[in-house]
Amino acid sequence: GLLIYRKKTIVKKIKENDGMKAKKVKKNNFKRSIPLFIMFIPVIIYYAVMKYVPMGGLIMAFQNYRLNDGIFGSEFVGLTNFKYIFSTPSMLNIIRNTLVLGILSFVVSFPFPILLALLINEIRHIKYKKIVQTLVYLPHFLSWVAVGGIVFTLFSQENGIINSVLKLFGGEAFPFLYNEGSWISIFLASGVWKEMGFSAIIYLAALGGVDPNMYEAASLDGCGTWKKMFYISIPAIIPTIVVNLILKIGSIASVGFDQVYNLQTSAVNGIADVISTWVYRTGLHQMQFSISTAMGMFNSLLSLILVFTTNSIAKKFDQNLW
């Protein structure tokens, strides 16, 4: 009995010591992390002020909002604004356009940054690699107003460069920006050109973490560039691809206003009129703030559903975000 008592006492002391050591380690880790927490404060403030506080304005979706009455004085009307939205004859077409352009943008643009990152990663000449990276990153920093100007300069039916060349060789001018099929192609191509280089950064960062010895070992085994890319590079960035896939699918319903607005013409409104442009017209031009807020809320909920659905699918392959 004495031996058992001593054994229990020893075990208890060991646990107490381990507990004290664990607390000390946590305390030391917290102290080391204080500079990081301080650096993170501006990020918290930004998201709190710019993202979360404005969510309070969603109450307008359930009100007959008037500027003079304000949020707290406007009449509460429940789901009336949502009923109005979905009873509008053109709304189904607008939602269809949003999903069509969003899905096409996702399918076309998603693979290009991955392919570009893999190709840049294979460049061994450091100076040349930096030049290529800089050139493909630059379009991201152009505004869509500038990109729209470039597109109209190239594809305008009257005096666009491409139609001028066609006329020079005896052809007829083609209405690139006034034909729905060609407009969609230009819309997708301009999006890829503008964002492909910048989107490749995260994949290049993931590839930078691959052990160079793996490539050397593969070379010694007789693997060429394509085999090393297929068996080493691509598997290394699969977690990053899955994360971006989930985020991209979540943005399918949020087709960028800037791109559509700066590229659309009245002739292609049948396909180019999306939720964001409808909210802009209804909210700012017609001053119907409650209805535009309700539509924006519906758009956000749709994006949220897409994110959760994609994450649930990824969870089955153990690649989920949460």
* Asked: Can you tell if the side chain of Asn81 reaches within under 4.5 Å of the side chain of Met60, non-hydrogen atoms only?
  -> no
* **Asp69 side chain to Glu75 backbone, donor-acceptor under 3.5 Å** => no
* To do: Taking all non-hydrogen atoms of both residues into account, name the closest pair between Ala272 and Val260 and its distance.
  => O-CG1, 3.0 Å
* Asked: Under 3.5 Å, is there a donor-acceptor pair between the side chain of Asn179 and the main chain of Ser182?
  -> yes
* Would you indicate whether the side-chain heavy atoms of Ile271 and Arg96 approach each other to under 4.5 Å? => yes
* **Side-chain heavy-atom pair Ile186, Val151 within 4.5 angstrom cut-off** => yes
* To do: Spell out, as yes or no, whether a donor-acceptor pair under 3.5 Å connects the side chain of Ser74 to the backbone of Arg66.
  => yes
* **More than 12 heavy atoms from other groups under 6.0 Å of CD on Glu172** => no
* **Check: Ser190 side chain, Phe187 main-chain N or O, donor-acceptor pair, under 3.5 Å** => yes
* Asked: Quick check, are the ring centers of Phe257 and Tyr280 under 6.0 angstrom apart?
  -> yes
* **Residue pair Tyr203 / Asn244, side-chain donor-acceptor N/O under 3.5 Å** => yes
* More than 12 heavy atoms of other residues, nucleotides or ligands under 6.0 Å from CE of Met50: is that the case? -> no
* Side chain Lys248, main chain Phe106, donor-acceptor under 3.5 Å -> no
* Structure fact -> When every non-hydrogen atom of Ala236 is compared with those of Pro239, the smallest separation belongs to O-CD, 3.9 Å
* Is there a side-chain contact between Ile120 and Lys129, using heavy atoms and a 4.5 Å cut-off? -> yes
* **Test item: Thr88 side-chain N/O and Ile85 main-chain N/O as donor-acceptor pair under 3.5 Å** => yes
* To do: Apply salt bridge (charged side-chain N to carboxylate O under 4.0 Å, His left out) to Arg281 and list each qualifying residue two or more places apart in sequence or on a separate chain.
  => Asp273
* Can you check whether Val145 reaches Asp258 side chain to side chain, under 4.5 Å on heavy atoms? -> no
* Asked: Among all residues two or more places apart in sequence or in another chain, which pass the side-chain hydrogen bond (donor to acceptor under 3.5 Å, both in side chains) test with Gln63?
  -> none
* Output yes when a side-chain donor or acceptor of Ser290 lies under 3.5 Å from a complementary backbone atom of Tyr65, and no otherwise. => yes
* To do: Taking atom CD1 of Ile162 as the centre, report whether more than 12 heavy atoms of other residues, nucleotides or ligands fall under 6.0 Å from it.
  => yes
* Can you find a pair of side-chain heavy atoms, one from Ile249 and one from Val307, that are under 4.5 Å apart? -> no
* To do: May I ask you to test the Ile41-Phe37 pair for a side-chain heavy-atom distance under 4.5 Å?
  => no
* To do: May I ask you to check whether Phe155 and Phe174 place their ring centres under 6.0 Å from each other?
  => no
* Structure fact -> Closest heavy-atom pair, Phe289 versus Gly283, reported as atoms and distance to 0.1 Å, is CE2-O, 3.4 Å
* Evaluate the side-chain proximity of Tyr47 to Tyr52: yes if any heavy-atom separation is below 4.5 Å, no if none is. => yes
* Asked: Would you say Asn262's side chain and Gly148's backbone share a donor-acceptor pair under 3.5 angstrom?
  -> no
* Is there a side chain to side chain donor-acceptor pair (under 3.5 Å) between Thr282 and Ser292 once you walk through the steps? -> CA-CA 6 Å; Thr282 305; Ser292 59; over 6 Å; no
* Kindly say whether Leu142 contributes a backbone atom to a donor-acceptor pair with the side chain of Lys194 at under 3.5 angstrom? => yes
* Asked: According to a 4.5 Å side-chain heavy-atom criterion applied to Ile, Leu, Val, Met, Phe, Trp and Tyr, with indirect links allowed, do Met297 and Val255 form part of one hydrophobic cluster?
  -> no
* With respect to Phe298, which candidate in Tyr84, Trp278, Phe86 satisfies the ring pair (Phe, Tyr, Trp, His ring centres under 6.0 Å) definition? -> Phe86
* Asked: Is there a donor-acceptor pair under 3.5 Å between the side chain of Thr98 and the backbone N or O of Ile275?
  -> yes
* **Separation between CG of Asp211 and CD of Glu216, rounded to the nearest 0.5 Å** => 8.5 Å
* Asked: Can Ser233 and Tyr215 be counted as having a side-chain donor-acceptor contact under 3.5 angstrom?
  -> yes
* **Residues, nucleotides or ligands: over 12 heavy atoms within 6.0 Å of Lys227 NZ** => no
